[in-house]
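Everything on this sheet refers to the single structure shown next.
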Amino acid sequence: MDKLIIIDGNSIANRAFYALPLLSNSSGLHTNAVYGFTTMLLKLIEEEKPTHFLVAFDAGKITFRHKEYTEYKGGRAKTPSELSEQFPLIKELLKAFKIPQFELTGYEADDIIGTLTKAADEKGEKVLLVSGDKDMLQLASEHVTVAITRKGISEVDLYNPAEIKEKYGLTPAQIIDLKGLMGDTSDNIPGIPGVGEKTALKMLHEFGTVEEVLANAASLKGKMKEKVEEHAQSAMMSKELATIFREVPMETEWDVFRYDGFDGQALSSMFRKLEFKSLLEKMDFGPSVVEEGQAVESLEAVVVTENNMEELIGKIGDNAAIHVEAIGENPHQAVMVGVVWFTFDGETNTSYFVPIALLKSEAGEPLRTWLSDDTKKKQLFDQHRAQLVLAWQGVQLRGVDFDALLAAYLLDPTESNLSLSGLTGKYGLPGVKTDEEVFGKGAKFRMPELEALSDHLGRKAMAIARIVPVLREELEKSEMHSLFYELELPLAGVLAEMELRGIALDAEGLKAFGVELASKLDAIMTRIYNLAGVEFNINSPKQLGEILFEKLGLPAWKKTKTGYSTDAEVLERLAPHHEVVGEILNYRSLAKLQSTYVEGLLKEVRPETGKVHTYYRQTIAATGRLSSQFPNLQNIPIRLEEGRKIRKVFVPSEPGWYMLAADYSQIELRVLAHISQDDNLKEAFLQNMDIHTKTAMDVFGVEESAVDANMRRQAKAVNFGIVYGISDYGLSQNLDITRRDAAQFIEQYFAVFQGVRKYMDEIVKDARRDGYVTTLLQRRRYLPEITASNFNLRSFAERTAMNTPIQGTAADIIKLAMVQMADRLKQDGLKSRMLLQVHDELVFEVPEEELETMRRVVPEVMAGALKLDVPLSADVDFGLTWYDAK
DNA sequence: GGTTTCACG
DNA sequence: ACGTACGTGAAACCC
């Protein structure tokens, strides 16, 4: 069976351009739209296996539509040059793919596509039409499936007439009427002002077409009636403009579009020119780096032996780039391979590789001493990981004065490829192979021969030596020098110490809790099967959806991309309809505790010590927060009592000691008060008021005594919204109120917290002007999408601009407190140990005799970590377990 | 490997 | 008009 794929070229190029960050190759050519286009083509070829293929483009500027309506597509921002310069590249790319392209003066791509799909319908040929434009839905038919890109370009929603009916309640032809009524700002099609999708759909469900809606205008009510009557002509014209012309005089001979595969050679050279490294590798087009006549930089990669160790370590000097290689994601369990250092004597690049066995042997002593000598300065890529790996081998690492990973993260915390090979590419330095290239991955993992290994690791150390001065200068330029040297670099060491110490778990207690859960789960499961009348896998959202919405016929109102949604929000609304739903909710919460917190945590306990050692990631979160892995100890349950009990198994590691926890009170709103300088908010904290009650008083305009629990709850939600970068929609969802009411709340809030409104406006403007926002300590986050024309992307960036300085400054502050606290414990010779950080909370284990001291010192250090214009405050408590330290 | 759900701040 | 609250990690399904 033949299958023709038609791509709406301009539409897909646009979507790709706005969906992807503005990539460019080393000669400054922008390539993001070409890249997106390419990945889409490859995916379609692989998944759809078309026998025929074509891409249609708009030709020129003036089409017949302009003759009828001169404003057509007026007011549309003109295509940015970064995109228009990519069209010739896309056309060249299509030649390499050997995919026919069509454009016709005076017609849009839509019309070409309309004509071809009509021909396909008549012939009964199968067509997949790919576009980013929902207008295309009007072309769907028995033979024509329309794929509309969703969120970026890698995913599409497929529509045939049945699905359009299901989603909109319309036939494909009525899509034209829909646009006639609601118009389309991006094409400057007016429609009827004030009529959006909701209203338009309602009218079409009742009357069917624009003509019928106009004919029945008299039966409409109030304002709507006026509007429809007043803009009747506009609606008719809009419908006409939205109608795709399907009679373009053109060749529709099928064989012209036959697709028989791409020209590998042309494609490979195209990818090289565009520097699509990942695609070159994926397509097996050979090495991604083109060596321009110049040989790979020479490196003398020496393997150190027990005989020459003494002599070679003498050459290392007081300063070197070093690298610690270990295999495995979790540094507490990774298998160490060895250490390598790099030197340059003015002539020769040399690296020295010390395999793990040698490092640990007697002969390894000089290197071990050098590594732990604070006066020997080291530059690394990922000190934190190296320190952990070495520590588990009994080797201390001291004297790190630069960390390339940490620096690259600060320079761009959203960079997704923070690998050494990724960064050398990004900063235009001689590249290194990726670990995947050298080691392979998954089942294909192989340790290379000693020589190749030593060369690869040596090149890593060389790359570190090369990239360090570049990153140092960049940090200076972006004023993150102090943030790096005074906060992040010392923190790396503090984190490593906390993690190595670990936290003790009462494994027996946890197992007992698991047994209890198992019997409860068993009972619930039986009840669910009885109530549902059938046994099924409750953990499978697919099976659960079928039971609830098909077998039991409960109302489904929310969908996921694969089927019915069965999340807690849905189930809570269904609970009154059927007894089984409450049981399922209960089952879900207990099953989560069992699998993630009982079984998951037990898997991470070291049997020798009874401890878990989390790994805090310092270079993941875009806001500057830490994250925690293997296990994640930042999401241990607390909100529900049943889950909170998990905290009872987190215990001190020494008899007679206590757990002590201290958390910041309202740190984000205090930070907001400081950076916005809002008088009212500042005053509230200076007076040490309950901030949610205060907000309720101001928003509802009542006395403190008149604030009831519900008002406080709503005010609390507003405060959360403010911190997240408020929108009326978000607040309405959270409070389950109408958008109008949510908007009213927000307006009320801003009326009394005018400084906050001013901050929100200014920070978005600043982000547009600078392209980034910063925290109090100059941590930076770039927001390229702040200028996007796509509403969703832009709005997201705007909320991020509001939220990141708040969340990020709070992260700065607790990090400061951690570094200061670690110093303080050492200075004062305290035995207490810092164990955990949970964003606004620090957890310690404390010997009894230090309890009084720590209860005083911890909140004092936390509150004093950074001086703001409002006081910071931390609450502290202690007990025999983490549960009791509340 | 992607998707869904849910735990935390 | 558009349609999401900000930041994470882990487990279970299912292809």
Side-chain angles (χ1 to χ4, degrees), chain A residues 134 151 154-155 182-186 191 193-200 413-414 442 537-545 560-571 585 588-589 591-601 603-604 614-617 620-640 643-644 646-647 663-664 667-668 717-718 720-735 739 742 746 781 789-796 798-808 810-811 814 837-841:
Chain A
K134 288 211 172 104
K151 226 205 218 169
S154 51
E155 294 158 30
M182 60 186 271
D184 182 345
T185 1
S186 71
V195 173
E197 183 174 300
K198 286 261 158 67
T199 320
T414 58
N537 185 348
I538 309 169
N539 290 323
S540 162
K542 192 175 161 211
Q543 293 183 34
L544 179 60
T560 67
K561 64 175 76 168
T562 52
Y564 307 111
S565 171
T566 64
D567 65 17
E569 192 195 351
V570 171
L571 297 185
L585 276 165
R588 277 248 178 100
S589 71
K592 175 89 177 178
L593 291 181
Q594 184 76 303
S595 65
T596 305
Y597 297 104
V598 175
E599 291 164 2
L601 229 34
K603 273 186 229 156
E604 298 289 342
T614 190
Y615 175 40
Y616 286 108
R617 305 291 315 263
I620 301 293
T623 53
R625 275 190 176 183
L626 299 176
S627 77
S628 158
Q629 275 183 318
F630 316 131
N632 181 354
L633 295 183
Q634 291 183 318
N635 69 347
I636 303 301
I638 190 165
R639 292 173 191 167
L640 301 176
R644 191 174 197 156
I646 295 281
R647 294 183 174 224
D663 67 312
Y664 280 109
I667 188 168
E668 292 188 332
V718 172
F720 267 95
I722 291 293
V723 168
Y724 291 156
I726 197 139
S727 72
D728 50 10
Y729 183 84
L731 183 64
S732 72
Q733 290 295 300
N734 190 285
L735 283 177
R739 239 171 96 165
I746 294 168
R781 178 173 181 180
S789 58
N790 177 309
F791 175 87
N792 281 331
L793 294 178
R794 190 178 62 248
S795 303
F796 189 24
E798 287 169 356
R799 292 196 298 275
T800 310
M802 300 183 223
N803 171 266
T804 294
I806 302 172
Q807 193 183 118
I814 195 166
Q837 188 252 43
V838 194
H839 307 307
D840 67 351
E841 174 186 14

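Each chain gets a letter, A, B and so on, in the order the sequences are listed, and its residues count up from 1. The figures here come from the full heavy-atom set of this structure, side chains too, leaving out hydrogens, waters and symmetry mates.
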Next item on the list: Would you indicate what A:Ala200 reaches in the nucleic acid, counting non-hydrogen atoms under 4.0 angstrom: base, sugar-phosphate, or nothing?
Entry: nothing
Next item on the list: Look at all strands and tell whether A:Ser795 reaches a base, only sugar-phosphate, or nothing, counting heavy atoms closer than 4.0 Å.
Entry: nothing
Check: A:Ile638 near the nucleic acid: base, sugar-phosphate alone, or nothing, with a heavy-atom cut-off under 4.0 Å?
Finding: sugar-phosphate
Notebook entry, point to check: Who pairs with A:Phe630 by ring-ring contact (aromatic ring centres under 6.0 Å, His included), at least two apart in sequence or on another chain?
Noted result: none
Margin query: Rounding to an integer number of Å, can you tell me how far A:Asp840 CG sits from C:dG7 C1'?
Written below: 13 Å
Note to self: Looking at A:Tyr724 and A:Gly730, would you say the former's side chain and the latter's main chain have a donor-acceptor pair under 3.5 Å?
What the structure shows: no
Checklist line | Shortest non-hydrogen separation from A:Asp728 to A:Ala742 and the atoms involved | finding: O-CB, 3.3 Å
Notebook entry, point to check: Checking all strands, does A:Ile620 fall into the base, sugar-phosphate, or nothing category for heavy-atom contacts under 4.0 angstrom?
Noted result: sugar-phosphate
Check: Atom NE2 in A:His839, atom CD in A:Glu668: separation rounded to 0.5 Å?
Finding: 10.0 Å
Note to self: Please determine whether side-chain contact (heavy atoms from CB on, under 4.5 Å) holds for the pair A:Glu604 and A:Leu633, giving the CA-CA distance in whole Å, both sets of side-chain angles, and the decisive distance to 0.1 Å.
What the structure shows: CA-CA 11 Å; A:Glu604 298 289 342; A:Leu633 295 183; over 6 Å; no
Next item on the list: Identify whether any heavy atom of A:Leu593 sits under 4.0 Å from a base atom; if not, whether one sits that close to sugar-phosphate; answer base, sugar-phosphate or nothing.
Entry: nothing
Notebook entry, point to check: So, for A:Ala591 and A:Asn539, which heavy atoms are closest and what is the spacing to 0.1 Å?
Noted result: CB-OD1, 4.5 Å
Check: Nearest-Å distance, CG (A:Asn734) to C1' (C:dG3)?
Finding: 16 Å
Notebook entry, point to check: What nucleic acid atoms does A:Glu668 come within less than 4.0 Å of, heavy atoms only: base, sugar-phosphate, or nothing?
Noted result: nothing
Check: Of A:Val723 and A:Val195, whose closest DNA chain C nucleotide lies nearer the 5' terminus?
Finding: A:Val195
Next item on the list: Would you indicate what A:Ala568 reaches in the nucleic acid, counting non-hydrogen atoms under 4.0 angstrom: base, sugar-phosphate, or nothing?
Entry: sugar-phosphate
Note to self: A:Tyr597: which residues meet the ring-ring contact (aromatic ring centres under 6.0 Å, His included) condition with it, sequence neighbours left out?
What the structure shows: none
Note to self: Just verifying a value: how many Å separate A:Leu793 CG and A:Phe791 CZ, rounded to the nearest 0.5 Å?
What the structure shows: 11.0 Å
Next item on the list: Under the side-chain contact (heavy atoms from CB on, under 4.5 Å) rule, what do A:Tyr664 and A:Ile814 come out as? Steps first, then yes or no, please.
Entry: CA-CA 9 Å; A:Tyr664 280 109; A:Ile814 195 166; 3.9 Å; yes
Margin query: When the P atoms of B:dC6 and C:dG3 are compared, how many Å lie between them, rounded to an integer?
Written below: 25 Å
Item checked: Side chains of A:Thr562 and A:Lys542 in contact at under 4.5 Å (non-hydrogen atoms) -> no
Item checked: Separation of atom OH in A:Tyr729 from atom C1' in C:dC6, rounded to whole Å -> 17 Å
Item checked: Value in whole Å for how far the P atom of C:dT4 lies from CD1 of A:Ile746 -> 16 Å
Item checked: Bracket notation of DNA chain C in which parentheses pair within the strand, [ ] cross earlier pairs, and | pairs with another strand (Watson-Crick or G-U, under 3.5 Å) -> .....|||||||||.
Note to self: Just to be sure I understand the rule, does A:Gly194 reach a base, reach only the sugar-phosphate, or reach nothing, if contact means heavy atoms closer than 4.0 Å?
What the structure shows: sugar-phosphate
Next item on the list: For A:Ala622, report the nucleic acid contact type (base, sugar-phosphate, nothing); a contact means any heavy atom under 4.0 Å.
Entry: sugar-phosphate
Margin query: Distance check needed: C:dC2 C1' versus A:Met182 CE, whole Å only.
Written below: 9 Å
Check: For the pair made of CZ in A:Arg794 and C1' in C:dG3, what is the distance, rounded to whole Å?
Finding: 13 Å
Check: In Å, rounded to the nearest 0.5 Å, how long is the span from OH of A:Tyr616 to OG of A:Ser627?
Finding: 10.0 Å
Next item on the list: Show your working on side-chain contact (heavy atoms from CB on, under 4.5 Å) between A:Ile646 and A:Ile638 and close with a plain yes or no.
Entry: CA-CA 8 Å; A:Ile646 295 281; A:Ile638 190 165; over 6 Å; no
Check: Can a side chain N or O of A:Arg799 be found less than 4.0 Å away from OP1 or OP2 on C:dC6?
Finding: yes
Next item on the list: Would you grab the first and last nucleotide of DNA chain B (5' to 3') that comes under 4.0 Å of any non-hydrogen atom in chain A?
Entry: B:dT3 to B:dG9
Item checked: Results of salt bridge (Lys or Arg N to Asp or Glu O under 4.0 Å) for A:Glu197 - residues two or more places apart only -> none
Margin query: So if I define the base as every atom that isn't primed, P, OP1 or OP2, how would nucleotides 10-15 of chain C read as a B/S/- string at a heavy-atom cutoff under 4.0 Å?
Written below: BSSSSS
Margin query: Could you tell me how far apart A:Phe796 (CZ) and C:dC2 (C1') are, to the nearest whole angstrom?
Written below: 16 Å
Margin query: Just so I know, are the side chains of A:Gln629 and A:Ile620 near enough to count as touching, which here means a heavy-atom distance under 4.5 Å?
Written below: no
Notebook entry, point to check: Using a cut-off of 4.0 Å on non-hydrogen atoms, how would the nucleic acid contact of A:Thr623 be classed: base, sugar-phosphate, or nothing?
Noted result: sugar-phosphate
Checklist line | Between C:dT4 and B:dT5 - P atom distance, rounded Å | finding: 15 Å
Checklist line | Check: A:Arg617 side chain, C:dG9 base, donor-acceptor under 3.5 Å | finding: no
Notebook entry, point to check: Expressed in angstrom and rounded to an integer, what is the separation of A:Asn790 atom CG from C:dT4 atom C1'?
Noted result: 13 Å
Next item on the list: Pick the P atom in C:dA5 and in B:dT4, then give their distance to the nearest Å.
Entry: 14 Å
Margin query: When you compare the ring of A:Phe791 with the six-membered ring of C:dC2's base, are the centres less than 5.5 Å apart and the planes under 30° from each other?
Written below: no
Margin query: Any base atoms under 4.0 Å from A:Arg739, or only sugar-phosphate, or nothing? Heavy atoms, all strands.
Written below: base
